[in-house]
J.: 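I have a structure I would like to understand better, so I am pasting it below and will then ask my questions one at a time.
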Amino acid sequence: MIGGKAGYGIMVTGMIFSKSCVRGGLHVFDSVEYPSLIRGGHNTYHVRVEEDEIHSHIELIDILVALNKETVDKHKDKVTERGAIIYDSSETEINEGDVRKDIRMYDIPLLEIAKEHGNELMMNTVALGATMAIVDYDLGILEGVIKDEFSDKGKDVVNSNIESARDGYNNARANYNNNFRSKLSPSSDKGMILLTGNDAIAMGAIRAGCRFYSAYPMTPASSILHYMAAHELSKGVVVKQTEDEISAIHTAIGASFAGARAMTATSGGGFCLMSEGLGLAALTETPLVIALCQRAGPSTGLATRTEQADLRFAMHASQGEFPRVIMAPGDVEEAFTLTAKAFNLAEKYQIPVIVMSDKHLSESHKSSEKNRFNIDYEIDRGFLVPEWNDGEFRRFMITDNGVSPRALPGQEGTVFRTSSYERDEYGWNSESPENRTAMNDKRIRKTESIISEIPDPSVYGPEDADITLIAWGSTKGAVLEAMKFLEKESINANFIHITHILPFKAESVRKMLESAKKTLIVEQNHDLQLGGIIMQYTGVCIDRSLANYTGRQVLPHEIYDKAKEVLAR
Amino acid sequence: MKPEDYNTQNKPVWCPGCGNFGILMAVKQAFAKADLKKKETVVVNGIGCSDKYHQYIDTYGFESIHGRILPVAMGLRLANHKLKVVCIGGDGDGYGIGMCHFIHAMRRNLDVTYIVCNNQIYGLTTGQTSPTSEKGFETKSTPNGNIEPPVNPIALALASGATFIARGFAGEVPYLRDLIIEGLNHKGFSLIDVFQPCVTFNHKNTYEWFNDKLYKLEDHDPKDRDAAVAKASETDKLPIGIFYREEKPTYEDEIEQISRKPLVEQDISGVKMDDLLDELS
């Protein structure tokens with residue numbers, strides 16, 4: 001873990017470390033914690049590195065890079081036995097008794113070396129070099145990553161950072177003679193990549209042919225905007241930062257009505273403003289994909305911290321009744337595939353589709369294999385009709401599955417109008433009770449077809465287990481890691497991960513839960529929103545729960561402890 | 001095309017004497033004169049008494065919700081800039097709830113025509129004060145007189161960067177028609193604010209009142225920004241006509257991704273991911 005004040009490049013440093021590990025064929029999961037500030041405050045970047053694939057960070061720290069005293073004080077208790085603290089005694093005064101005796105202290109002149117190379121902010125790069133020396137990792141890999149990450153800042157920046165890293169490396173080598181208990185060794189290249197959930201959402205959208213993206217900045221959704229904007233020219237995506245989220249969603253609706261695959265993304269606060277647009281997309285039956293990256297509310301809440309408390313909000317946002325799809329990926333791979341899928345569902349059923357993430361999934365990096373993102377993907381634009389030879393065009397024709405023919409403005413012979421008012425098959429406003437009932441039924445009927453293509457929840461672990469864990473979205477990672485702990489003790493646990501919330505696969509979930517012995521649900525909210533939804537749709541009440549609403553992602557050992565407690569009852 | 005070619009099956013259902021009849025007539029005449037193709041034109045409405053235009057004009061139509069005409073129009077134009085996008089809304093829609101979008105669409109110089117049916121009252125909700133209601137105006141929501149001074153849409157448009165700014169009157173259909181034609185032919189954001197008597201709820205700003213107050217801009221150079229500001233500030237007599245006109249690249253012109261062809265005509269299949277994946281390794 002590296003920690004220090006905001007403004008000291010903690011995020012970039014951590015990411016460079018993660019990437020250096022991935023380039024050496026190692027698996028990584030990292031997690032960032034930072035307050036809603038640009039300067040000051042306490043920032044940390046926690047990287048977990050393993051030879052095998054990992055799905056979550058853990059609480060323990062083998063090496064703590066402390067750019068200030070606060071970092072030592074806050075995290076020293078989590079440093080493992082004979083772990084290491086890298087610090088600079090000229091900046092961080094550590095007295096006798098401040099830290100446990102077994103912890104190895106690496107006093108490196110971070111500031112002095114950084115200043116020698118022209119910028120004290122490069123303290124973090126010096127520390128990176130020192131860290132690589134302590135774990136005996138290939139300095140060349142680090143230098144390669146630094147070169148790539150800083151290349152757009154010019155040769156001087158690249159060189160001074162490389163020099164800083166090198167001097168940090170040499171200093172640690174010379175003064176501490178390779179005495180740390182753990183080493184990192186690069187293994188063979190497995191074609192690995194390092195990405196966040198938001199990278200994956202943006203890539204999934206691009207893969208699906210999304211060509212229009214409008215959004216208003218809001219943590220933790222902003223990095224989707226940054227990703228799309230960075231690739232707007234190479235991928236031909238029109239990316240627009242609008243004046244607010246109201247405009248973002250309506251602009252996307254306009255683009256989709258014209259025929260472009262369109263997406264917007266936001267967090268809970270922005271989604272409040274988008275609620276009216278959600279209903280407009282529903283009534284006009286305009287396809288739309290919304291990525292909803294949750295953070296801790298209500299209101300501004302904990303603006304840079306994680307939570308999963310917007311599930312009910314997403315399910316019920318906007319007035320009236322209409323079908324919507326809600327999907328909640330649990331990791332970067334699912335974020336990619338489900339976002340790509342969202343575009344097909346949106347067009348096939350002419351509905352809004354919401355992909356739900358949270359700060360933890362959106363901003364944590366995970367290593368993965370490249371080939372998992374080279375998926376087969378067939379674009380399905382649904383009932384899009386290039387021409388119409390059946391009299392006046394019936395845009396909202398009553399059909400068996402509720403999906404009507406869709407034409408795009410510009411086409412000959414399909415002139416129609418759509419409206420936020422209820423309308424008839426042709427798009428003419430109609431308030432007759434018969435038409436109203438028929439139209440509401442038509443729209444809601446789509447759900448039956450959608451549910452037939454929604455997969456059953458994923459089940460991990462043995463079919464017959466002593467305890468069944470249930471979760472949705474990003475808590476998947478911590479649950480999978482907790483299961484590894486349980487497995488070590490030969491405890492039979494399995495895990496139902498629900499990625500498709502709406503429409504809800506009630507029958508499948510009910511069967512799964514009825515055969516479970518003891519059940520434990522893990523959610524990042526107080527009210528156990530998924531638990532309530534399960535009860536609503538299946539009548540099954542989950543036995544026990546772990547509700548975490550600290551703003552920090554639940555840790556594997558917390559789930560492990562809770563599972564043991566449930567089993568002991 | 002003839003104006004009646006744009007007729008639909010629906011007969012307008014506004015109050016007898018409503019200013020919307022004159023505006024609808026002028027719009028259809030302007031469409032005919034500008035030879036707008038039905039298939040290439042989209043009328044975008046919001047909410048208010050003016051929300052029905054798309055039901056009465058036979059082109060593609062999208063009726064958005066209250067205040068959100070311009071964001072929808074922007075999406076339409078960016079996805080397919082071959083479409084002629086004509087926005088028609090009310091004063092509450094554009095200058096009240098949609099004010100934020102109004103200003104931003106103008107500063108972008110989005111290439112749409114925006115006709116605001118400005119009746120200085122909320123008609124569809126049965127008579128409350130509007131952003132353009134005069135100070136002292138008594139309505140259901142301001143029974144003791146409105147204490148707020150009105151928004152000046154023309155001055156606001158000038159300050160916000162609109163490149164075509166005009167004002168018409170629903171009672172002067174041929175004159176309004178010509179303003180709309182100019183607006184339709186203008187490349188960039190064209191605002192046509194239209195004084196529209198509301199015979200049911202606004203008993204102050206009547207046809208007679210406007211006939212007394214209005215005069216047509218003559219000897220005014222629309223290229224002269226300062227003169228436009230001065231004209232926009234007049235209150236004793238109210239000028240109608242073209243206040244300001246300027247040639248500038250449109251928002252759409254500035255977007256490289258659509259410089260060759262509209263977004264909707266571009267192939268979206270088989271997107272290559274190799275470059276994106278390489279960036280992450």
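Just so it is clear, the structure is predicted and the values come from calculations on it, not from any experiment. Just so we're on the same page: letters track the sequence lines, and every chain starts at 1.
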J.: Between A:G209, A:G191, A:S214, which has the largest tally of heavy atom pairs under 4.5 Å with chain B?
T.: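 Ranked by contacts with chain B, first place is A:G209.
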J.: Using heavy-atom distances under 4.5 Å, tell me whether B:R108 contacts chain A through its side chain, its backbone, both, or neither.
T.: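 Contact with chain A involves the side chain of B:R108 alone.
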J.: So which atom in B:A30 and which in B:I180 form the shortest heavy-atom distance, rounded to 0.1 Å?
T.: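 For B:A30 and B:I180, the tightest heavy-atom pair comes out as CB-CG2, 3.5 Å.
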J.: So what's closer than 4.5 Å to chain A heavy atoms on B:I258: side chain, backbone, both or neither?
T.: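 Contact with chain A: side chain only.
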J.: Considering only heavy atoms and a distance below 4.5 Å, find which of B:K37, B:Q9, B:K52 pairs most often with chain A.
T.: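 Going by pairs under 4.5 Å, I would pick B:Q9.
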J.: Out of the candidates A:L195, A:I193, A:D148, only one should pair with B:S281 under the side chain to side chain contact (heavy atoms under 4.5 Å, CB included) rule; please name it.
T.: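 Single pass found, and it is A:I193.
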J.: Heavy atoms only: give me the nearest B:H66-B:G92 pair and the separation to one decimal.
T.: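 Closest pair (atom of B:H66, atom of B:G92, distance): CE1-C, 4.1 Å.
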J.: In terms of heavy-atom proximity below 4.5 Å to chain B, should A:M192 be classed as side chain, backbone, both, or neither?
T.: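 The backbone, not the side chain.
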J.: Using only atom types and a distance under 3.5 Å, with no angle test, would you say the side chain of B:S50 pairs donor to acceptor with the backbone of B:G90?
T.: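 Yes.
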J.: Is there a side-chain hydrogen bond (donor to acceptor under 3.5 Å, both in side chains) between A:Q411 and A:T414 once you walk through the steps?
T.: CA-CA 6 Å; A:Q411 280 180 206; A:T414 50; 3.3 Å; yes
J.: Under 3.5 Å, is there a donor-acceptor pair between the side chain of A:N435 and the main chain of A:R423?
T.: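 Pair found, side chain donor or acceptor close to backbone of A:R423.
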J.: With salt bridge (Lys or Arg N to Asp or Glu O under 4.0 Å) as the criterion, how do A:E333 and A:K366 come out once you've worked through the C-alpha distance, each side chain's angles and the decisive distance to 0.1 Å?
T.: CA-CA 10 Å; A:E333 293 87 354; A:K366 180 184 175 295; 3.0 Å; yes
J.: With a 4.5 Å cut-off on heavy-atom pairs, point out which of B:R77, B:E40, B:M74 contacts chain A the most.
T.: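 The answer is B:M74.
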J.: Considering only heavy atoms, which portion of A:S368 lies under 4.5 Å from any heavy atom of chain B: side chain, backbone, both, or neither?
T.: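 A:S368 has no heavy atom closer than 4.5 Å to chain B.
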J.: Heavy-atom cut-off 4.5 Å, strictly under: side chain, backbone, both or neither for A:D244 against chain B?
T.: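 Contact with chain B is through the side chain of A:D244 alone.
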J.: So what's closer than 4.5 Å to chain A heavy atoms on B:T59: side chain, backbone, both or neither?
T.: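 For B:T59, the backbone is the part near chain A, not the side chain.
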J.: Using non-hydrogen atoms and a 4.5 Å limit, figure out which bit of B:K38 sits close to chain A: side chain, backbone, both or neither.
T.: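 Contact with chain A involves both backbone and side-chain atoms of B:K38.
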J.: Against chain A, label B:E279 side chain, backbone, both or neither, depending on which of its atoms sit under 4.5 Å from a heavy atom there.
T.: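 Contact with chain A: backbone and side chain both.
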J.: Under a 4.5 Å heavy-atom cut-off, does chain B meet the side chain of A:I253, its backbone, both or neither?
T.: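 Contact with chain B: side chain only.
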J.: Check whether A:I249 gets within reach of chain B through its side chain, its backbone, both or neither, counting any heavy atom under 4.5 Å.
T.: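 Answer is neither: A:I249 stays 4.5 Å or more from chain B.
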J.: Select, from B:V264, B:I65, B:V43, B:D278, the one with the greatest count of heavy-atom pairs under 4.5 Å involving chain A.
T.: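 Most heavy-atom pairs under 4.5 Å with chain A: B:I65.
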J.: Heavy-atom distances under 4.5 Å only: say whether A:R211 touches chain B with side chain, backbone, both or neither.
T.: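 Both backbone and side chain.
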J.: Report yes or no: does A:S420 contribute a side-chain atom to a donor-acceptor pair with the main-chain N or O of B:S64 at less than 3.5 Å?
T.: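 Side chain of A:S420 to backbone of B:S64: a pair is present.
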J.: Heavy-atom distance under 4.5 Å to chain B: side chain of A:Y421, backbone, both or neither?
T.: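 Answer is both: backbone and side chain atoms of A:Y421 are under 4.5 Å from chain B.
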J.: Heavy-atom distance under 4.5 Å to chain B: side chain of A:I379, backbone, both or neither?
T.: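 Only the side chain of A:I379 comes within 4.5 Å of chain B.
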J.: Below 4.5 Å from any heavy atom of chain A, which atoms of B:L70 appear? Answer side chain, backbone, both or neither.
T.: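 Nothing of B:L70, per the 4.5 Å heavy-atom cut-off to chain A.
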J.: Can the ring centres of A:F343 and A:Y213 be said to be less than 6.0 Å apart?
T.: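 Ring centres of A:Y213 and A:F343 not closer than 6.0 Å.
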J.: Measuring heavy-atom distances to chain A, does B:N45 have an atom under 4.5 Å in its side chain, in its backbone, in both, or in neither?
T.: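 B:N45 has no heavy atom closer than 4.5 Å to chain A.
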J.: For B:Y251, is it the side chain, the backbone, both or neither that has a heavy atom under 4.5 Å from a heavy atom of chain A?
T.: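 Contact with chain A: side chain only.
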J.: More than 12 foreign heavy atoms under 6.0 Å from OH of A:Y216: is that the case here?
T.: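 Result for OH/A:Y216: open.
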J.: Heavy-atom cut-off 4.5 Å, strictly under: side chain, backbone, both or neither for A:K19 against chain B?
T.: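 Contact with chain B involves the side chain of A:K19 alone.
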J.: A:F393 pairs by ring-ring contact (aromatic ring centres under 6.0 Å, His included) with which of A:F416, A:W428, A:Y426?
T.: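 With A:F393 as partner, ring-ring contact (aromatic ring centres under 6.0 Å, His included) holds for just one option, A:F416.
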J.: By a 4.5 Å heavy-atom criterion (distance strictly below it), what part of B:I255 contacts chain A: side chain, backbone, both, or neither?
T.: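 The side chain, not the backbone.
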J.: Is chain A contacted by the side chain of B:K84, its backbone, both, or neither, given a heavy-atom distance below 4.5 Å?
T.: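 Looking at B:K84, nothing touches chain A.
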J.: Relative to chain A, which of B:I47, B:I57, B:I103 shows the most heavy atom pairs under 4.5 Å?
T.: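 Top count of heavy-atom pairs under 4.5 Å with chain A: B:I47.
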J.: Please classify the contact between A:H365 and chain B as side chain, backbone, both or neither, with a heavy-atom cut-off of under 4.5 Å.
T.: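 Looking at A:H365, nothing touches chain B.
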J.: Taking side chain as everything from C-beta outward and backbone as N, CA, C, O, which of these in A:V22 sits under 4.5 Å from a heavy atom of chain B? Side chain, backbone, both or neither.
T.: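 Contact with chain B is absent: no heavy atom of A:V22 under 4.5 Å.
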J.: According to the interplanar angle, ranging from 0 to 90°, do the rings of B:W14 and B:Y53 count as parallel (below 30°), tilted (30 to 60°) or perpendicular (above 60°)?
T.: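 Aromatic pair B:W14/B:Y53 classed tilted.
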J.: Select one option (side chain, backbone, both, neither) describing which atoms of A:R261 are under 4.5 Å from chain B's heavy atoms.
T.: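 Side chain only.
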J.: Please flag which part of A:E232 lies under 4.5 Å from any non-hydrogen atom of chain B: side chain, backbone, both or neither.
T.: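 Backbone plus side chain of A:E232, per the 4.5 Å heavy-atom cut-off to chain B.
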J.: Which one wins on heavy-atom pair count under 4.5 Å against chain A: B:N10, B:L76, B:L83, B:D275?
T.: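 It is B:L76.
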J.: Non-hydrogen atoms of chain B under 4.5 Å away: do they reach the side chain of A:T284, the backbone, both or neither?
T.: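 The answer is the side chain of A:T284.
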J.: Among A:V237, A:V239, A:L283, A:D199, which residue forms the greatest number of heavy-atom pairs with chain B at distances under 4.5 Å?
T.: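 Result: the option with the highest number of such pairs is A:V237.
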J.: Can you say whether B:L263 sits under 4.5 Å from chain A via the side chain, the backbone, both, or neither, judging by heavy atoms?
T.: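 The answer is the side chain of B:L263.
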J.: Side chain from CB out, backbone as N, CA, C, O: work out which of these in B:H54 comes under 4.5 Å of a heavy atom of chain A, or both, or neither.
T.: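 For B:H54, backbone and side chain are both near chain A.
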J.: Do you know the tightest heavy-atom contact between A:L288 and A:A252?
T.: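 Looking at all heavy atoms of both residues, the shortest contact is CD1-CB, 3.7 Å.
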J.: Stepwise, does the side-chain hydrogen bond (donor to acceptor under 3.5 Å, both in side chains) test hold for A:T196 with A:E363?
T.: CA-CA 5 Å; A:T196 64; A:E363 296 194 347; over 6 Å; no
